[in-house]
Peer 1: 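Got a structure for you, questions after.
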Amino acid sequence: MSMLTLNGVVLNVFDTPASTDRKTGEVRPASTRVQLQAENTLENGQKRFDMVTLKVVTGDLYRKLIGKAVRVPVGAFVANGAILYYALNNEAPTAS
C-alpha cells in the first residue's frame with residue numbers, strides 16, 4: 001500500500017518515442033505518460049489546478065479512465081526545487 005496518493009482527473013494518455021541523450025549517448029526507451037489535472041488547496045483556502053504528468057507502465061488502464069477522477073499511488077522526490085511524482089508500477093489506479 002502506498003503512503004502517497006495523487007488524486008486528479010485523467011486528461012490525456014500519450015506515448016513518447018525512444019530517444020538518445022546527446023551528452024551521454026544513453027538510450028531512453030519509449031514510454032507511456034498520463035496527464036492528470038490535480039486540485040491543490042492553498043493556505044488561504046483557494047484552489048489551484050496543476051497538470052501532473054506521470055510515466056506509467058500500462059497506458060491502457062488509464063485510457064479507459066479519461067475524463068474520470070482517479071487515485072494513483074505515487075512516490076515523490078524534489079528536483080530543482082520542484083516536487084516531482086512518479087506512478088508506482090505495482091499498484092493500479094482506482095476510480096474515485
Side-chain angles (χ1 to χ4, degrees):
M1 179 175 191
S2 166
M3 284 183 61
L4 296 174
T5 303
L6 182 65
N7 298 316
V9 175
V10 178
L11 297 179
N12 189 28
V13 179
F14 64 97
D15 298 316
T16 57
S19 62
T20 303
D21 187 291
R22 292 181 186 169
K23 293 181 182 177
T24 65
E26 176 186 359
V27 176
R28 293 182 214 106
S31 63
T32 301
R33 299 185 189 270
V34 174
Q35 291 178 306
L36 301 172
Q37 181 180 18
E39 180 181 299
N40 287 321
T41 303
L42 305 174
E43 289 180 8
N44 64 5
Q46 294 181 335
K47 298 194 184 293
R48 179 185 75 210
F49 290 96
D50 293 324
M51 175 81 70
V52 178
T53 303
L54 300 172
K55 183 176 172 184
V56 297
V57 175
T58 309
D60 292 336
L61 293 173
Y62 292 90
R63 283 186 179 90
K64 295 175 185 176
L65 297 169
I66 290 177
K68 297 188 175 159
V70 295
R71 294 185 304 270
V72 181
V74 297
F77 62 96
V78 176
N80 299 324
I83 300 173
L84 300 177
Y85 300 95
Y86 58 93
L88 298 177
N89 294 338
N90 58 347
E91 299 187 41
T94 55
S96 50

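Predicted model, so just to flag it, every value in this text is computed and none were measured.
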Peer 1: Among Leu11, Val10, Asp50, whose side-chain contact (heavy atoms from CB on, under 4.5 Å) with Gln37 holds?
Peer 2: Leu11

Peer 1: Within the structure provided, determine whether Val72 and Val56 are in side-chain contact (heavy-atom separation under 4.5 Å).
Peer 2: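 Result no, sub-4.5 Å side-chain heavy-atom pair not found.
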
Peer 1: Gln46: which residues meet the side chain to side chain donor-acceptor pair (under 3.5 Å) condition with it, sequence neighbours left out?
Peer 2: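 Applying side chain to side chain donor-acceptor pair (under 3.5 Å) to Gln46 gives Asn44.
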
Peer 1: Return the minimal non-hydrogen interatomic distance between Leu84 and Ala79, and the atom names on each side.
Peer 2: CD1-CB, 3.7 Å

Peer 1: Without placing hydrogens or testing angles, list every side-chain donor-acceptor pair under 3.5 Å for residues 58-69, not counting sequence neighbours.
Peer 2:
{"from": "Asp60", "atom 1": "OD1", "to": "Arg63", "atom 2": "NH1", "distance (Å)": "3.4"}

Peer 1: Please round to the nearest 0.5 Å and tell me the distance separating atom CG of Asn40 and atom CZ of Phe49.
Peer 2: 9.5 Å

Peer 1: Would you say the side chain of Ile83 lies within less than 4.5 Å of the side chain of Tyr85, judging by non-hydrogen atoms?
Peer 2: yes

Peer 1: Distance-only check: which donor-acceptor pairs under 3.5 Å involve side-chain atoms of residues 12-19, not counting sequence neighbours?
Peer 2:
{"from": "Asn12", "atom 1": "ND2", "to": "Gln35", "atom 2": "OE1", "distance (Å)": "3.1"}
{"from": "Asp15", "atom 1": "OD1", "to": "Thr32", "atom 2": "OG1", "distance (Å)": "2.8"}
{"from": "Thr16", "atom 1": "OG1", "to": "Ser31", "atom 2": "O", "distance (Å)": "3.3"}
{"from": "Thr16", "atom 1": "OG1", "to": "Ser31", "atom 2": "OG", "distance (Å)": "2.8"}
{"from": "Ser19", "atom 1": "OG", "to": "Arg28", "atom 2": "NH1", "distance (Å)": "3.0"}

Peer 1: Please identify which of these residues, Leu36, Thr94, Val9, meets the side-chain contact (heavy atoms from CB on, under 4.5 Å) condition with Val70.
Peer 2: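 Per the side-chain contact (heavy atoms from CB on, under 4.5 Å) rule, the option paired with Val70 is Leu36, out of Leu36, Thr94, Val9.
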
Peer 1: I'd like to know if Val52 and Leu42 are part of one continuous hydrophobic network [Ile/Leu/Val/Met/Phe/Trp/Tyr, side-chain heavy atoms within less than 4.5 Å].
Peer 2: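 Leu42 and Val52: separate clusters.
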
Peer 1: Check whether Val74 and Val57 end up in the same hydrophobic cluster, where Ile, Leu, Val, Met, Phe, Trp and Tyr are linked by side-chain heavy atoms less than 4.5 Å apart.
Peer 2: no

Peer 1: Could you pull out the closest heavy-atom pair between Ala38 and Leu6, with the gap in Å?
Peer 2: CB-CD1, 4.2 Å

